[in-house]
Every structure is written in structure tokens, then in C-alpha cells.
Amino acid sequence: MSRKASDNVEYTLRSLSNLMGEKRRRQADGSAGSGSGAAGERSLIAAESCSSLNSAASGGELERAARRQFQQDETPGFVYVVSVFSALGGFLFGYDTGVVSGALLLLKRELNLDALWQELLVSSTVGAAALSALAGGVLNGLCGRRPCILLASGLFTAGSGVLAAARDKETLLAGRVVVGLGIGVASMTVPVYIAEVAPPHLRGRLVTINTLFITGGQFFASVVDGIFSYLAKDGWRYMLGLSAVPAVIQFLGFLFLPESPRWLIQKGQTQRARRILSQMRGNQAIDEEYDSIRNNIEEEEKEVGAAGPVICRMLTYPPTRRALIVGCGLQMFQQLSGINTVMYYSATILQMSGVEDDRLAIWLAALTAFINFIFTLVGVWLVERMGRRKLTLGSLTGTAVALIILASGFLLSAQVSPRITLNPPDPSHQNSTCTKYSYCNGCMLDPDCGLCYKLNKSSVVESSCIPVDKDSTMKAAWGRCSNETVFKKEDLFWAYNFCPTPYSWTALLGLILYLVFFAPGMGPMPWTVNSEIYPLWARSTGNACSSGVNWVFNVLVSLTFLHTAEYLTYYGAFFLYAGFAALGLVFIYGCLPETKGKKLEEIESLFENRLCTCGMSDSDEGRYIEYIRVKGSNYHLSDNDASDVE
Ligand SMILES: O[C@H]1[C@H](O)[C@@H](O)[C@H](O)[C@@H](O)[C@H]1O
């Protein structure tokens with residue numbers, strides 16, 4: 001009989017033994033003695049399994065039992081409801097970080113915002129998120145996950161109210177900071193909460209749904225930006241205020257949803273914890289899970305002690321120190337692979353590749369966000385099939401290759417950069433820097449200039465480098481390309497931020513490949529893995545630190561992108577991100593263990609070895625015979641056992 005793992009259903013023998021009736025269990029207990037310690041317990045279980053299988057072979061009893069278990073094992077819908085309500089936090093994270101670019105286009109005209117204020121409105125949110133993610137660790141530990149989610153949705157609601165009603169830029173700034181505080185708390189709490197309520201076989205998938213909601217929020221934001229961009233007056237109020245709707249839904253939902261049972265057990269509220277755990281598991285027995293959480297907490301307290309700040313205990317206890325390095329490293333490499341600059345730059349890359357209608361820019365950004373969203377869905381599907389490690393490694397490899405293609409597209413385009421052939425006199429007599437460039441490449445890297453040109457077949461002719469209009473990057477400040485309707489009729493083109501070349505499609509290919517590879521793995525896995533690798537006492541702090549790292553690198557990479565491009569050119573910047581992705585690959589290959597299907601309480605042991613041997617746990621070395629797989633009427637012992645049983 002073949003050992004096909006796919007579409008087989010796995011059961012632990014513990015739960016199977018429940019099934020086979022208490023009577024046999026007691027007999028086995030009696031014959032095996034008290035069996036103290038994990039090893040004793042496991043050999044007892046293995047013994048039970050053999051007797052179960054033997055008797056099953058004679059009477060087909062096991063098949064019936066397994067079928068009954070299969071029916072019972074169905075995950076109750078409640079876990080999904082709880083996960084979706086929590087993931088609204090991810091949606092708001094995505095929406096509020098995504099919506100601002102469209103809102104700014106309108107805001108800068110209506111409130112006369114200069115570059116500094118635009119920058120402030122964008123980065124204040126991300127900065128506030130970094131701080132509140134860090135503070136969220138303490139809050140989570142002290143008050144629990146549920147109050148933190150309620151707090152985050154309260155902040156989202158208040159923030160969007162302030163933004164929608166704002167009359168001046170100072171109020172807008174305050175609103176953006178409040179929203180940022182909500183994003184930070186949500187980004188670290190939601191994955192932890194979902195991981196703690198989910199059954200092990202679904203945990204990866206349910207936590208990954210949170211990232212699906214993040215990218216869904218980003219996509220929705222770009223569509224809302226597109227729709228309200230036609231409403232020149234006050235359109236931004238709707239864009240920024242709309243997030244109050246999911247925020248209120250989440251707040252109301254969480255008034256009725258429960259606290260994480262794991263947190264409650266840690267705080268000694270055992271009765272409540274049992275009640276919630278059994279609600280989450282439907283009609284399945286929860287004793288085993290409950291005991292394992294409880295024992296684990298007691299053991300952890302004995303081993304690590306309870307004195308001193310959690311972060312110091314984490315750093316001095318090797319397994320948690322290693323987990324923290326892995327968690328923070330993953331988040332750092334996620335941002336260093338340049339996702340947010342690729343997303344930010346996507347409209348330009350698409351324009352570069354021949355989409356000439358500037359009005360489409362905002363919809364093109366929506367298309368990119370859509371690809372990111374759809375391929376995150378692929379990640380949700382793959383995570384429990386491939387496991388976290390393979391998915392992350394595959395995704396980052398593809399991302400690095402895509403970055404190289406993207407960079408090559410820019411490199412080739414720079415090499416055949418069109419010459420500037422016309423230098424019309426500046427009617428305003430301001431000494432603009434644009435006149436000094438002899439090739440388009442220099443002109444496009446200067447944020448104040450753009451290229452005005454004609455096409456003769458596919459070659460660029462009559463090109464000039466002209467200052468960009470202060471209010472719209474879609475036209476020049478003066479000259480032939482300063483009036484959109486007129487210059488389009490005259491077959492003139494305006495290129496801001498890019499050079500028209502025959503190699504532009506390479507960059508487009510790179511962009512699409514980038515999202516296709518990044519979104520299923522490197523997008524969600526850092527959040528998913530972080531939600532599972534820390535023991536309970538360190539979980540809030542570990543997630544707070546790693547989310548903080550994510551936000552700090554998010555700010556660093558986005559803020560430095562334009563300068564990096566100025567010094568290294570665009571291709572240099574994307575080659576640099578490819579280099580970071582390659583480093584990330586080495587790090588992940590050496591350090592990321594597989595956590596798929598393991599109970600949260602078992603995962604700590606994966607970090608007992610030296611950091612860079614984690615990958616070895618892939619082989620599942622030393623696992624006990626704890627599983628059988630059931631498919632149709634065939635049963636066999638899996639893993640280490642060689643004898644299949646029919
Ligand atoms: O996992 C998410 C996701 O990939 C988003 O698209 C990105 O904007 C975030 O920075 C990242 O943390």
C-alpha cells in the first residue's frame with residue numbers, strides 16, 4: 001500500500017483511542033502501568049494503536065470508528081466566524097495604508113499641502129503603527145487579546161471619524177496617527193489570537209487569511225480611490241472615512257466574541273477557558289488539548305521562571321531567543337525584498353510598458369493590488385499543503401528572480417535611454433535643473449522633471465526635458481506638454497518617472513512575476529510563522545517585536561526608495577532588493593523550521609537546537625509513531641513505521 005500523504009486524513013492515536021472506547025483505554029492503562037512522562041505516554045499510545053489496529057483488522061471496527069471520528073473532527077463554523085471577525089483588523093490595516101495615496105491626490109489641491117505635509121500624512125501612520133505594535137505586546141500580556149482587538153477597532157473608528165470630518169491639515173495628521181495606532185495593535189494581536197483559537201491542522205490557513213484580508217483591504221482601497229477620485233471636492237473624506245464601517249462591525253462583533261482560551265489558562269481563569277475551548281472545538285473532546293496547554297504553561301514557568309521583563313527572559317532563554325531572531329528576521333526580509341516600493345511604483349512600471357492614458361494610473365495601481373490579493377489566496381490554499389518552510393523558500397526564490405528581471409528591464413531601458421534633442425527656453429526664467437540632462441535617464445530620475453516627446457514609428461523624436469507641473473505629474477509646467485487635451489491631439493507624449501524604450505515590457509514581466517511569487521509566501525508567512533513560534537509566555541512580546549521590526553523596515557525602505565534610486569538608479573535599487581532577497585534565502589534556509597500541523601505547545605522544541613540547524617527538523621527526525629492515516633478503508637502507520645496495515 002502506498003504512503004500517499006495527500007488527501008489522507010490524519011488522526012492522532014490519542015483521539016482515535018478516545019473513539020475506540022473508554023473500556024479498552026482503561027485496560028491498556030492498567031497493563032502499561034501508570035506510565036508517567038511523555039515517553040511512557042507515547043509508548044502506551046503506540047501500544048494502544050497496535051491493539052486497536054489488530055482488532056480493527058478482524059472486525060472493521062476501526063473503519064467505523066474512524067468514520068465517526070471523521071465526522072466529529074469537522075471544525076465547527078464558530079472558529080471561522082471568530083477568525084473572519086478578527087481578520088477585519090487585517091482588512092483595516094491594508095485599507096488604511098493603501099487608501100492614502102489616492103486621498104493625497106485630492107487633498108494636496110484642496111488643502112494646499114506641500115511635499116513635507118504629504119510625507120507627514122503618509123509616514124505618521126506607519127510610524128505610529130511601529131510604536132503601537134511594540135506597546136501592544138505589553139497590553140496583550142496584561143489585558144488579553146480581545147480587549148486589544150476592541151481597542152484597535154475603536155481606534156480605527158475614531159481615526160476615520162476624525163479624518164472624514166477634518167477641516168485642516170493638523171486634524172488630518174492627528175487622525176492618521178490615531179489610525180496608525182490601531183494598525184499597530186491589530187497587526188500584532190490578530191495573528192496571535194487566530195493562532196490561539198485555531199485547531200492545529202487549520203492554524204496556518206486561518207492565520208494566512210489575515211494577510212488575505214490585508215491585501216484585500218489594499219485592493220479595496222485602490223478601487224475606492226479610483227471611484228472617489230472623480231469627486232474632486234471632498235472625495236477624500238469618503239476615502240478616509242469609509243474604513244469606519246468594517247471597524248464598527250468588528251467592534252460590535254468582538255463585544256460578543258470570546259477571549260483566547262490559552263491566555264485565560266495562563267491567567268488562571270480555567271473554567272472560562274474550558275468553556276470557550278469546547279465552544280471552539282464543537283463536539284470534540286478537549287481534555288487532551290486543555291491538559292497539554294496547562295502542563296506546558298506550568299513547565300514553562302518552572303523552566304524559565306516568572307521574574308523580570310519578558311523580553312529579558314526571552315533573550316536569556318536560548319529557544320525563545322532563537323525564535324525571536326527567526327521571527328524578526330522574516331519580517332525584516334519581507335520588507336527588504338521591496339514589496340511596498342514595487343506596489344508604490346507599479347503604476348509607473350505599467351505606464352512604462354506602453355499604457356499611455358495617465359488617467360488609468362490609479363486603476364493600474366488597483367490591478368497590481370488585485371494580483372497581490374489573488375496570489376495571497378493561493379498562499380491560503382498552499383500553506384497546509386506545502387508547509388511554511390517550503391512555501392517561504394519557494395516564494396522568496398521566485399521573488400529574487402523576479403527582482404532581477406525587473407532590474408534588468410530598467411537596466412536595458414537605461415542603456416537605450418533616448419537622447420534629449422530639444423532645449424526650449426524656459427518662459428518663467430527660473431533656473432530649472434531639467435535643462436542640464438542630455439539623456440532621458442537623468443531626466444526621469446529627477447523628481448522635478450519629465451520628458452515631452454513625439455514618436456516616429458517606435459523611436460522617440462523631438463524630445464525635451466521639462467519641469468513637471470506642481471499640481472499634477474501628468475503634465476509639464478510649461479511648453480508643448482503643459483495642456484493635456486492639446487498635447488494629446490498633437491501626438492505628443494509626456495513621460496514622468498520613466499523613459500519610453502523597447503525594453504519596458506521586461507520590467508512589466510518582472511513586476512507581475514514579483515507579485516505572483518511574493519504574495520503566496522513572503523507576504524503572509526512572516527505573520528503566520530510569528531504567530532506560532534513563541535511559547536505562550538513570550539507570544540505577545542515576540543509578536544510585538546517582530547511586528548515592530550516589520551513596520552520600522554517598512555518606513556525605512558519606503559522613505560529611502562527615491563534617494564536610493566537617485567544614487568543607484570532604478571535598476572541599482574531593484575538589484576539591491578534582489579541582493580537582500582538572496583540573503584533572506586540563506587537565512588530562511590538555515591533557520592526556519594517547519595511548524596505545519598504541530599500543536600503550539602510542541603513548537604518550542606523546534607528551537608532547542610542551534611539556530612542554523614532548524615531546517616533539519618524538516619526530516620521529522622525522532623518523531624514518535626503518533627499518527628495513522630485513514631483513506632477509505634485502508635489504514636497504515638505513517639512516519640517511522642515500515643509496516644503498513646490493511
Ligand atoms: O504581508 C503584508 C502584505 O504583503 C502587504 O501587501 C504589504 O503591504 C505589507 O507590508 C506586508 O506586511
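Counting starts at 1 for both ligands and their atoms, following the listed order.
Applying side chain to side chain contact (heavy atoms under 4.5 Å, CB included) to L536 and the options E196, E601, E604 leaves one that passes, E196.
For the pair E384 and K596, the salt-bridge criterion is not met [side-chain N within less than 4.0 Å of a carboxylate O].
Within 4.0 Å of ligand 1, protein heavy atoms come from T211, T215, Q218, Q334, Q335, N340, N372, F518, G523, W527, N550, N554.
Contact of the L257 side chain with the F78 side chain is registered, since non-hydrogen atoms from C-beta on lie closer than 4.5 Å.
By the 6.0 Å and 45° rule, R389 stacks over the aromatic ring of Y589.
For I405, the side-chain contact (heavy atoms from CB on, under 4.5 Å) test picks out V401, T506, L509, L513, with sequence neighbours left out.
Between F254 atom CZ and L88 atom CG the span is 8.5 Å, to the nearest 0.5 Å.
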